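Structure record follows, encoded as structure tokens.
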Amino acid sequence: MIKKLIGRLGYSREWIIVVALALLVALLRAPSLEQPFDNDSGAIAYHARQIVRGDPLYGTHHSNHHMPATYYLYALAFSLFGDSLWSVKFFLLLWTIVTVYLLYRLGLLMTGHKIAGALAAGVYALLSSHVHLLGHTAEIELFANLPRIAGVLVLLRLIARRAAAWKFMFVGMLGSAAFLFKAVYVSPWALAGVVLFVEFWLARSKRAVWRETVVRGLWVAGGAVIGLLPVVIYFGLVGLLPRFLAVFTLGRGYVSFRTAASPGPEYMFLFPFVGLSENNVALVIFSITGSVMAAANLLLGRYKQYRQCLTEFYVVAWYAISFLEAGITRTYFSHYYLLVLPPLVLLAAWFLLRLYRVGKSRSRVTRFAVLAFLMLSVVLVLSFSVVLNYNYYYCYLAYKFGPDTWHDFVLKGAIGGKGLIRVQELADYVAARTSPSDYIYYWSGDTQIYYLADRRCAIDVLWPIYADATGPYQRIFSPRTKYVILGESNNIPRADWLYTELEGKYALETVIDEQEVYRRID
């Protein structure tokens, strides 16, 4: 009877944690439901709209170097909830709840402690909504973390339970899911390689260890093929396989373009470190300290529970791999660093738990000092996040319950709010003066204009840096292109040929916030 009661209490506490995490995600992400699309999210929404209308990705519209997963998830959100900003952001809110729950389970596996797992998951919910990490957008990284976390969770569970080799197929499949968000998101596969090597090395004196390692690796590879094959078959059946495979060529060109203009390779780690430290330096310090401690415990053999020590070391390896995934272009893009958050918060929570356990077994003075430090740590973590995000939430509450308008919320609260308002004004201007059959072209990084105006881009690729990647740039100036708007684009100045091609075909109609609006001469 007592055992059943204890079991029910444990089960109830589990549900309390899950519900609390879900409510935390909902509260933190509520303002995003009304924050306009940024350029990346708007570009994805544009392509998703065409997908819903029956035009597959990589056909008449191409995502340049991006893989298809996020685009089809947006399309799913549109199909479920309607074509709107709210649909995507609400879908992402639900997606994030699942992501946070999986991270909680991974934290529980790593630490063996529900509170530590819940702490890691709660801090992830907080950091992944940071405005300075673009957490209130609908960037690819916010979606990609789910299969990345799931892949690592499954991998570590299988290793801990010494599961049958065929079950490693699921690691390969989840790795494929992550890969289909971006071709550099390979941490489930990469960590599987690390884990299999370490497990082999530790058991190298045993018979048949070679065979076990090879068979596990083959199942991971088989799962990867199973995950990718349906995508290849689909684009092959619709006649778009070469266009899909162009993603990898364009991707190599994009990385080369970014790295050629960037500092040295050490910035692959330095930029993510700086970006994360700017958002919460306390957590970065805790996670690095935890990484050093976990690695030292394994190398020095300080643990009685060696298998648990290995699990912690594998999370450290994932931490390092995540830095590579986030920093591969050696360019400071804050939303890339969302990828590092899962192992970062796990290691930070593990460090604080270890500190608590060590302090609990010492003298009263030591226990008091450790408890004071833990309380100070929580205050520091929350303080950094509150200071950085206060204005955003304050402006949102002032809009919802105070005197401010939605325009005020976006302009004063959102990162780059002035640009978001400007592109909305441009979109309204164009939509009012064109028909759905007209094309437009915007020489700017604000590619969300095509979604906001509901007008097709004059060429298949939205981003000006790819103006001639899939065909001659002259396609921009076809008779169906009613407006050409010249702004700035991804640190690339206006091309010399722009004004040459406009001459005699287009006339300057107006200038909106330094954006030159040219209309085709009928």
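Treat the numbers as computed from the prediction; the structure is a model and nothing was measured. All values below come from the heavy atoms of this structure, side chains included, with hydrogens, waters and symmetry mates left out. One-based numbering along the sequence shown.
- Using modelled atom types, one finds no donor on one side chain facing an acceptor on the other under 3.5 Å when comparing Y429 with Q424.
- A side-chain N or O of N280 and one of S385 form a donor-acceptor pair less than 3.5 Å apart.
- Smallest separation of non-hydrogen atoms from S129 and Y393: OG-OH, 3.9 Å.
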Practice prompt. Take S334 and H132 through the side chain to side chain donor-acceptor pair (under 3.5 Å) test and state the conclusion after the steps.
Written response: CA-CA 7 Å; S334 58; H132 292 281; over 6 Å; no
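- Ring geometry for F271 against Y267 counts as tilted: the plane angle lies between 30° and 60°, on a 0 to 90° scale.
- A salt bridge does not link R433 with D428: none of the charged nitrogens is closer than 4.0 Å to a carboxylate oxygen.
- Not a single donor-acceptor pair under 3.5 Å links the side chain of N279 to the backbone N or O of L276.
- Taken from CG in L338 to CG in L127, the straight-line distance is 9.0 Å, to the nearest 0.5 Å.
- Between F235 and F244, the ring planes lie parallel to each other; the angle is under 30°, not in the 30° to 60° tilted range.
- Between D446 and Q515 there is no side-chain heavy-atom pair separated by less than 4.5 Å.
- Of the possible donor and acceptor atoms, one in the side chain of N391 sits under 3.5 Å from a partner among the backbone N and O of K412.
- Between the side chain of S176 and the backbone N or O of A224, at least one donor-acceptor pair lies under 3.5 Å.
- Ion pairing of E141 with R148 is absent here, as no side-chain N (NZ or NE/NH1/NH2) approaches a carboxylate O to less than 4.0 Å.
- Looking at H136, its side chain never comes within 3.5 Å of a backbone N or O of L33 through a donor-acceptor pair.
- A distance of 6.0 Å or more separates the ring centres of F170 and W219.
- Under 4.0 Å is where a charged nitrogen must lie from a carboxylate oxygen, and between D468 and R475 no such pair does.
- The aromatic ring centres of F333 and Y336 sit less than 6.0 Å apart.
- For Q35 (side chain) and T137 (main-chain N/O), no donor-acceptor pair under 3.5 Å exists by modelled atom type.
- Within the 3.5 Å criterion, the main-chain N or O of Q50 finds no donor-acceptor partner in the side chain of D55.
- Residues Y466 and H65 bring a donor and an acceptor atom of their side chains to less than 3.5 Å of each other.
- The aromatic rings of Y71 and H47 stand perpendicular to each other, their planes meeting at an angle above 60°, with 30° marking the opposite boundary.
- More than 12 heavy atoms of other residues, nucleotides or ligands sit less than 6.0 Å from atom OH of Y254.
- Ring centers of Y396 and F409: under 6.0 Å apart, within the cut-off.
- At distances below 3.5 Å, not a single donor-acceptor pair connects side-chain atoms of Y124 with backbone N or O atoms of P343.
- Checking side-chain atoms of Y394 against main-chain N and O of G413 turns up no donor-acceptor pair under 3.5 Å.
- Within the 3.5 Å criterion, the main-chain N or O of Y442 finds a donor-acceptor partner in the side chain of Y450.
- If you take OH on Y58 and OG on S63, they are separated by 3.5 Å, rounding to the nearest 0.5 Å.
- Rounding to the nearest 0.5 Å places CG of N389 at 7.0 Å from CG of L126.
- No donor-acceptor distance shorter than 3.5 angstrom exists from the side chain of K482 to the backbone of D438, with no hydrogens or angles considered.
- Aromatic pair F81/F90: centroids less than 6.0 angstrom apart.
- Side-chain N/O atoms of R455 and T434 include a donor and acceptor closer than 3.5 Å.
- Side-chain atoms of W406 and E34 include no donor-acceptor pair closer than 3.5 Å.
- Side-chain contact check for T60 and R456: at least one donor-acceptor pair (N or O, by modelled atom type) lies under 3.5 Å.
- The six-membered or imidazole ring of Y46 lies away from that of Y451, with a centre-to-centre distance of 6.0 Å or more.
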Worksheet item: For N145 and T99, what are the C-alpha separation, side-chain angles and deciding distance, and is it a side chain to side chain donor-acceptor pair (under 3.5 Å)?
Response: CA-CA 7 Å; N145 271 341; T99 304; over 6 Å; no
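- The residues R243 and D460 are annotated as salt-bridged, a charged nitrogen and a carboxylate oxygen being separated by less than 4.0 angstrom.
- By the 4.0 Å N-to-carboxylate-O rule, D454 lies close enough to R53 to be salt-bridged with it.
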Discussion item. Let's go through E278 and Y337 carefully: what are the C-alpha distance in whole Å and the side-chain angles of both, what is the deciding distance for side chain to side chain donor-acceptor pair (under 3.5 Å) to 0.1 Å, and is it a yes or a no?
Written reply: CA-CA 11 Å; E278 288 176 343; Y337 314 141; over 6 Å; no
